[in-house]
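Shown next, in structure tokens, is the structure this report addresses.
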Amino acid sequence: MTIKQEVESILAHLGVSKSACTSGDLTVRTPITGEIIAQIPRITPLAASEAIAQAHLAFLEWRTVPAPKRGELIRLLGEELRANIDSLGRLVTIETGKLLSEGFGEVQEMIDICTFAAGLSRQLAGLTVPSERARHRMMETWHPLGVTGIISAFNFPVAVWSWNTALALVCGNAVVWKPSEKTPLTALATQAIFDRAAAKFGGVPEGLATLLIGDAAVGQQLVDSHLIPLVSATGSTAMGRAVAPRLASRFARAILELGGNNAAIVAPTADLDLTLRAIAFSAMGTAGQRCTTLRRLIVHTDVYDKLIPRLKKVYASVNIGDPREPNTLVGPLIDERSCNAMQQALDAARADGAVITGGERINTEDPEAFYVRPALVEIPTQTDIVKHETFAPILYVLKYSDLPEALRLHNDVPQGLSSSIFTLNLREAEQFLSAVGSDCGIANVNIGTSGAEIGGAFGGEKETGGGRESGSDAWKQYMRRATNTINYGTDLPLAQGVSFDID
Ligand code: UN1
């Protein structure tokens, strides 16, 4: 069976109609071979604005459904995903080029957030606050916010939709989704899965969760629509720079999850066997195309010569190839642009005096497929190219001799998503996690920078955008908070002791 035939059979199995994948001008290729696997129609601007208006109507109805009942829809979505993990996971692999275990892992992440959100639907609780006035009660109430716009990237084409959708729907919002143009097939499949869960639930308002496949202009429509009070956007810092001021100009909320430039510090006491495995997964996993990918390694001079030769061996021998093969650890890059960006970054590093192991393109029979050997780049100082996020498997390696120096290097980049320290020294670990340590949204000890669980809030600081998605109390951004004060007495005492007597 060719990949195209396999895609057709997966889509048919998941309930996506053939015409939705054959009749348009958006060309979809699999990065595994570079071959064309679908032609998708794009939505027109008029149809997109009608869909947004319909989503708003759906919101007006959905917000009156009790939250635990809304959670039932998400529970059913989780069940549908469980039943289809194999097909959807395989489709993720075919469309993004990530390993099969990562494709299934992505769907597992969707299932996990559904479980989390179903429970959350019974816990959207507000505080009660002591009032300073006699016979008064003060409390907070959390209300649905409106339509949530979701703009997602190619590398986690469906998990990021699920983080946002599961929370937004239990919070009583509707969602409108603009996926990456590189991954419309997994979006269509996910929408079909959602539609089945909605049919099982029964009575879901039309347009509650809508998929808009189109180019940047559609994203812009979401960003500019006064019917969308919250946009959650995942992608590059450049995209965030375009989106954030437009949202701010109309006082809309933004959850931005942008570039990362994640580092790990390897301290003298590090367990080097564990560290080596953690680095390998975080730096080379998903072919370096996670926002949490390990991009900088800051190694103490005492362990540099013990760790780096071992790491070089791993880089030289890691299996690169078809991500559907069980022995492969590094699949293809998403496209030619990404491969070129990697080569340009390596040229810049070379000009800065770097010594590079790996990094070359591996020629396959398919000229449109872009496989590369991950690059280990030993570089004397943290130059501009090291401070820049290149979305490819490049790991810059720097040396340090004391922890303050390591922390300085660590935080001296514009991005602030994920970070790790490898140490068995309690003082160092705690310092790394403290207010004067890592400045990132995610800081880990003795695990890598990537592969976060859904239960924590996910996101980062500085140019990463400041948003938080997924677990913990990220749900609060999807709701509006009302502070309520109730007077059950017969007097009207004013706060702060102000008097205003009219008789
Ligand atoms: C992303 O790359 O945009 O922590 C998300 C991780 C995954 C999510 C990555 N759970 O690596």
Side-chain angles (χ1 to χ4, degrees), residues 1-16 21 28-35 37-38 77-78 80-114 152-163 165-166 177 179-180 182-194 234 280-282 284-293 318-335 338 369-371 391 393 448 450-454 458 470:
M1 188 158 41
T2 65
I3 297 189
K4 191 159 186 245
Q5 285 164 342
E6 189 182 353
V7 166
E8 280 165 6
S9 103
I10 291 175
L11 289 171
H13 170 75
L14 292 176
V16 178
C21 317
V28 189
R29 293 176 186 273
T30 170
I32 299 174
T33 58
E35 70 194 87
I37 49 173
L77 174 62
E80 270 312 308
L81 287 165
R82 266 198 181 88
N84 291 294
I85 187 167
D86 286 344
S87 327
L88 185 59
R90 238 183 130 78
L91 192 61
V92 168
T93 287
I94 292 173
E95 204 175 35
T96 65
K98 58 174 80 174
L99 306 185
L100 272 182
S101 77
E102 293 179 321
F104 299 143
E106 172 144 5
V107 184
Q108 186 60 46
E109 197 160 345
M110 302 171 84
I111 294 166
D112 293 343
I113 195 72
C114 287
S152 60
F154 80 85
N155 66 326
F156 274 80
V158 284
V160 169
W161 169 84
S162 72
W163 295 350
T165 300
W177 177 25
S180 163
K182 292 171 191 168
T183 52
L185 289 178
T186 43
L188 284 165
T190 298
Q191 184 68 36
I193 288 171
F194 175 84
T234 302
F281 171 63
S282 277
M284 297 190 290
T286 330
Q289 298 173 112
R290 288 191 190 217
C291 53
T292 49
T293 290
V318 72
N319 276 330
I320 302 159
D322 189 326
R324 297 168 300 170
E325 296 298 329
N327 292 331
T328 299
L329 288 181
V330 179
L333 292 176
I334 190 72
D335 57 18
S338 161
F370 297 90
Y371 290 85
F391 219 60
S450 63
E453 302 174 20
I454 58 93
F458 184 89
S470 197

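- The shortest distance between side-chain heavy atoms of Leu333 and Pro31 does not fall below 4.5 Å.
- Contacts of Thr183 classified as side-chain hydrogen bond (donor to acceptor under 3.5 Å, both in side chains), with partners at least two apart in sequence or in another chain: none.
- In this structure the side chain of Phe194 never reaches within 4.5 angstrom of the side chain of Glu80, judged on heavy atoms.
- Taking all atoms of both residues into account, the shortest heavy-atom contact from Phe104 to Gly89 is CD2-CA, 3.7 Å.
- Contact annotation: the side chain of Thr190 never approaches that of Thr165 to less than 4.5 Å [non-hydrogen atoms, C-beta and beyond].
- Thr186 is linked by a side-chain hydrogen bond (donor to acceptor under 3.5 Å, both in side chains) to Glu95, counting only residues two or more places apart in sequence or in another chain.
- Residues Ser338 and Phe154 are not in side-chain contact: their nearest non-hydrogen atoms beyond the backbone lie 4.5 Å or more apart.
- The two atoms that bring Val158 and Ala187 nearest to each other are CG1-N, 4.5 Å, heavy atoms only.
- Listed by first and then second residue, the salt bridge (Lys or Arg N to Asp or Glu O under 4.0 Å) pairs involving residues 320-331 are Glu6-Arg324, Asp322-Arg324 (not counting sequence neighbours).
- Residues Glu102 and Thr93 have side chains not in contact (no heavy-atom distance under 4.5 Å, counting atoms from C-beta outward).
- Applying the side-chain hydrogen bond (donor to acceptor under 3.5 Å, both in side chains) test to Glu453 and every residue at least two apart in sequence or in another chain returns nothing.
- With rounding to the nearest 0.5 Å, the separation of CD in Glu35 from OG1 in Thr2 is 6.0 Å.
- The two atoms that bring Pro332 and Gly321 nearest to each other are CD-O, 4.3 Å, heavy atoms only.
- With sequence neighbours left out, Ala369 forms a side-chain contact (heavy atoms from CB on, under 4.5 Å) with Thr364, Asp366, Tyr371.
- Here the side chains of Leu185 and Cys21 are in contact, with some heavy-atom distance below 4.5 Å.
- Residues Thr328 and Pro323 share a closest heavy-atom pair of CG2-CA, 4.2 Å.
- In this structure, CD1 in Ile3 is found 12.5 Å from CZ in Arg29, a value given to the nearest 0.5 Å.
- Annotation: ring pair (Phe, Tyr, Trp, His ring centres under 6.0 Å) contacts of Phe156 (sequence neighbours excluded): none.
- For Ser87 against Ile10, the heavy-atom pair with the smallest separation is O-CG2, 3.6 Å.
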Kindly indicate, with the supporting measurements, whether the criterion side-chain contact (heavy atoms from CB on, under 4.5 Å) is fulfilled by Lys4 and Val7.
CA-CA 5 Å; Lys4 191 159 186 245; Val7 166; 5.7 Å; no
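- Within the structure, every pair that satisfies the salt bridge (Lys or Arg N to Asp or Glu O under 4.0 Å) test and touches residues 103-113, not counting sequence neighbours, is listed here: Lys98-Glu106.
- The line from CG of Asp86 to CG of Leu91 is 12.5 Å long, rounded to the nearest 0.5 Å.
- Counting heavy atoms from C-beta outward, Pro157 and Thr96 have side chains that approach closer than 4.5 Å.
- Considering only residues two or more places apart in sequence or on other chains, Ser450 meets the side-chain contact (heavy atoms from CB on, under 4.5 Å) condition with Phe281, Ser282, Arg290, Thr292.
- A search for side-chain contact (heavy atoms from CB on, under 4.5 Å) contacts involving Thr234 returns Ala153, Val160, Glu257, Glu469, not counting sequence neighbours.
- Put simply, CG on Asn84 and CD1 on Ile193 are 4.5 Å apart, with the number rounded to the nearest 0.5 Å.
- The CG atom of Leu81 sits 5.5 Å away from the SG atom of Cys114 when rounded to the nearest 0.5 Å.
- Side-chain atoms of Asn319 do not come within 3.5 Å of backbone N or O of Leu329 as any donor-acceptor pair.
- Here the side chains of Leu88 and Met110 are in contact, with some heavy-atom distance below 4.5 Å.
- The side-chain hydrogen bond (donor to acceptor under 3.5 Å, both in side chains) check on Ser152 picks up Trp177, with sequence neighbours excluded.
- Separation of atoms OG (Ser180) and CG (Asn155) is listed at 9.0 Å; rounding is to 0.5 Å.
- Nearest approach of Leu99 to Val330, heavy atoms of both residues: CD2-N, 4.3 Å.
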